[in-house]
Amino acid sequence: MKVIIVSFILILSLTFFASSAFAAGPWKGQIIDIETKEPIEGAVVLAVWERVYRTPTGASSYFYEAKETLTDKEGRFEIPSYTPINLVPIISYMRGPLFTIFKPGYGSLTMVLDKYLASVGAEVYEMELSGKRYRLSHGLIEIPPLKTREERLENMPAVSVPYKKQKLLIKLINEERKNLGLGGELKIE
């Protein structure tokens, strides 16, 4: 009986430590205007983690946690290290962070950016979204200014996590909605 109890405790502790051992971060970077190369102050950077459950019909994901910050006058930001804890790795795993970057008047970006924001180097990557060019390199994210009202309407980020976990993003979305003459402010609950 002692062997069973000790084995169970050992398996439980190894499972816990194995699932929380992938600590990541901090994520640091700078956001600049791709055309002028000037830093962008006051852009929100939101990092979101999900818990993904394995089911017989496929995986289902659910919001787990979010952290957000604003860029400073040099366009720099930092999201501190964060380790989501997964107590039942047999049926679920943690995914993230997925980053959203938004500043009114600029193209928004939502994607996995960890290799660009981690302390290791990354190759320069250029991409086009909605006809606008973005550039990513180690610690540097270059986003395009938007020239027309239509571009700005098309580039508003989706609000997909609890409002109280993305207060800065909602504040900037409301600012952009006001700038564009749209009604119906999003409320932070």
Side-chain angles (χ1 to χ4, degrees), residues 24-52 60-80 82 84 94-117 125-137 139-189:
W27 296 275
K28 300 176 186 181
Q30 182 182 29
I31 300 174
I32 65 171
D33 184 305
I34 197 167
E35 293 176 2
T36 66
K37 307 299 184 207
E38 292 294 318
I40 299 174
E41 181 180 7
V44 69
V45 180
L46 172 72
V48 177
W49 289 264
E50 295 179 323
R51 179 184 305 277
V52 182
S60 295
S61 63
Y62 300 92
F63 169 78
Y64 182 77
E65 182 61 274
K67 305 285 182 183
E68 65 179 347
T69 190
L70 290 174
T71 56
D72 64 16
K73 64 182 176 182
E74 284 96 33
R76 297 191 186 283
F77 68 91
E78 179 176 348
I79 294 181
Y82 177 72
M94 305 309 290
R95 180 170 53 200
L98 178 68
F99 290 91
T100 296
I101 297 170
F102 178 67
K103 170 76 176 181
Y106 284 89
S108 64
L109 186 64
T110 299
M111 65 186 292
V112 175
L113 295 170
D114 55 347
K115 73 179 182 180
Y116 299 103
L117 302 178
Y125 176 66
E126 290 194 28
M127 65 182 169
E128 191 171 303
L129 297 172
S130 302
K132 293 292 183 181
R133 193 168 51 102
Y134 294 76
R135 184 179 301 117
L136 311 170
S137 59
L140 188 64
I141 300 166
E142 299 178 51
I143 61 175
L146 303 176
K147 311 281 191 229
T148 68
R149 184 176 194 275
E150 290 73 29
E151 286 178 336
R152 291 172 76 170
L153 285 169
E154 288 175 11
N155 277 283
M156 282 226 246
V159 177
S160 59
V161 301
Y163 282 19
K164 66 183 178 183
K165 291 291 186 172
Q166 55 184 350
K167 292 178 182 177
L168 299 172
L169 179 61
I170 290 179
K171 180 180 176 190
L172 289 183
I173 289 173
N174 284 335
E175 180 183 312
E176 180 74 330
R177 291 177 63 81
K178 184 178 177 183
N179 293 340
L180 295 172
L182 302 174
E185 187 174 281
L186 300 175
K187 303 282 186 214
I188 300 171
E189 299 168 3

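Given the structure is predicted, the values throughout are model-derived calculations rather than measurements.
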If you look at every heavy atom in [X] and [Y], which pair is closest and at what distance?
X	Y	result
Leu46	Lys165	CD1-O, 4.0 Å
Thr71	Gly42	OG1-N, 2.9 Å
Glu176	Pro104	OE1-CB, 3.3 Å
Ile32	Pro39	CG2-CA, 3.9 Å
Val48	Ala66	CG2-CB, 4.2 Å
Phe99	Ala47	CE2-CB, 3.7 Å

>> Using salt bridge (charged side-chain N to carboxylate O under 4.0 Å, His left out), reason through Glu41 and Lys103 one step at a time and then give a plain yes or no.
In response: CA-CA 9 Å; Glu41 181 180 7; Lys103 170 76 176 181; over 6 Å; no
> Between Leu70 and Phe77, does a side-chain contact (heavy atoms from CB on, under 4.5 Å) hold up when you go through it step by step?
Replying inline: CA-CA 7 Å; Leu70 290 174; Phe77 68 91; over 6 Å; no
>> The test is side-chain contact (heavy atoms from CB on, under 4.5 Å); show your working for Thr69 and Glu78 and say whether it passes.
In response: CA-CA 7 Å; Thr69 190; Glu78 179 176 348; over 6 Å; no
To the nearest 0.5 Å, tell me how far [X] [atom1] sits from [Y] [atom2].
X	Y	atom1	atom2	answer
Glu151	Lys147	CD	NZ	8.0 Å
Ile101	Ile141	CD1	CD1	3.5 Å
Tyr134	Ile34	OH	CD1	9.0 Å
Ile40	Asp72	CD1	CG	12.5 Å
Ser108	Leu172	OG	CG	11.5 Å
Asn179	Arg149	CG	CZ	10.5 Å

Can you tell if the side chain of [X] reaches within under 4.5 Å of the side chain of [Y], non-hydrogen atoms only?
X	Y	value
Ile79	Val45	yes
Met127	Met111	yes
Ser61	Arg95	yes
Thr100	Leu109	no
Trp49	Lys67	yes
Met94	Glu50	no

Sidechain-backbone polar pair: [X] side chain, [Y] backbone, donor-acceptor under 3.5 Å:
X	Y	answer
Gln30	Glu74	yes
Glu175	Lys171	no
Gln166	Val161	yes
Thr36	Glu38	yes

> Checking side chain to side chain donor-acceptor pair (under 3.5 Å) for the pair Asn155/Tyr106: CA distance, chi angles, key distance, verdict?
Replying inline: CA-CA 8 Å; Asn155 277 283; Tyr106 284 89; over 6 Å; no
>> Does atom NZ (Lys37) have a neighbourhood of more than 12 heavy atoms from anything else shown, all under 6.0 Å?
In response: yes
> So Ile143 and Ile31, side-chain contact (heavy atoms from CB on, under 4.5 Å) or not? Walk me through it.
Replying inline: CA-CA 7 Å; Ile143 61 175; Ile31 300 174; 3.8 Å; yes
> Do the ring planes of Tyr82 and Tyr64 sit parallel (below 30°), tilted (30 to 60°) or perpendicular (above 60°)?
Replying inline: tilted
> Do NZ/NE/NH1/NH2 and the carboxylate oxygens of Lys167 and Glu68 come within less than 4.0 Å?
Replying inline: no
> For Arg133, which of Glu128, Glu126, Glu35 qualifies under salt bridge (Lys or Arg N to Asp or Glu O under 4.0 Å)?
Replying inline: Glu126
>> Let's go through Thr148 and Leu153 carefully: what are the C-alpha distance in whole Å and the side-chain angles of both, what is the deciding distance for side-chain contact (heavy atoms from CB on, under 4.5 Å) to 0.1 Å, and is it a yes or a no?
In response: CA-CA 9 Å; Thr148 68; Leu153 285 169; over 6 Å; no
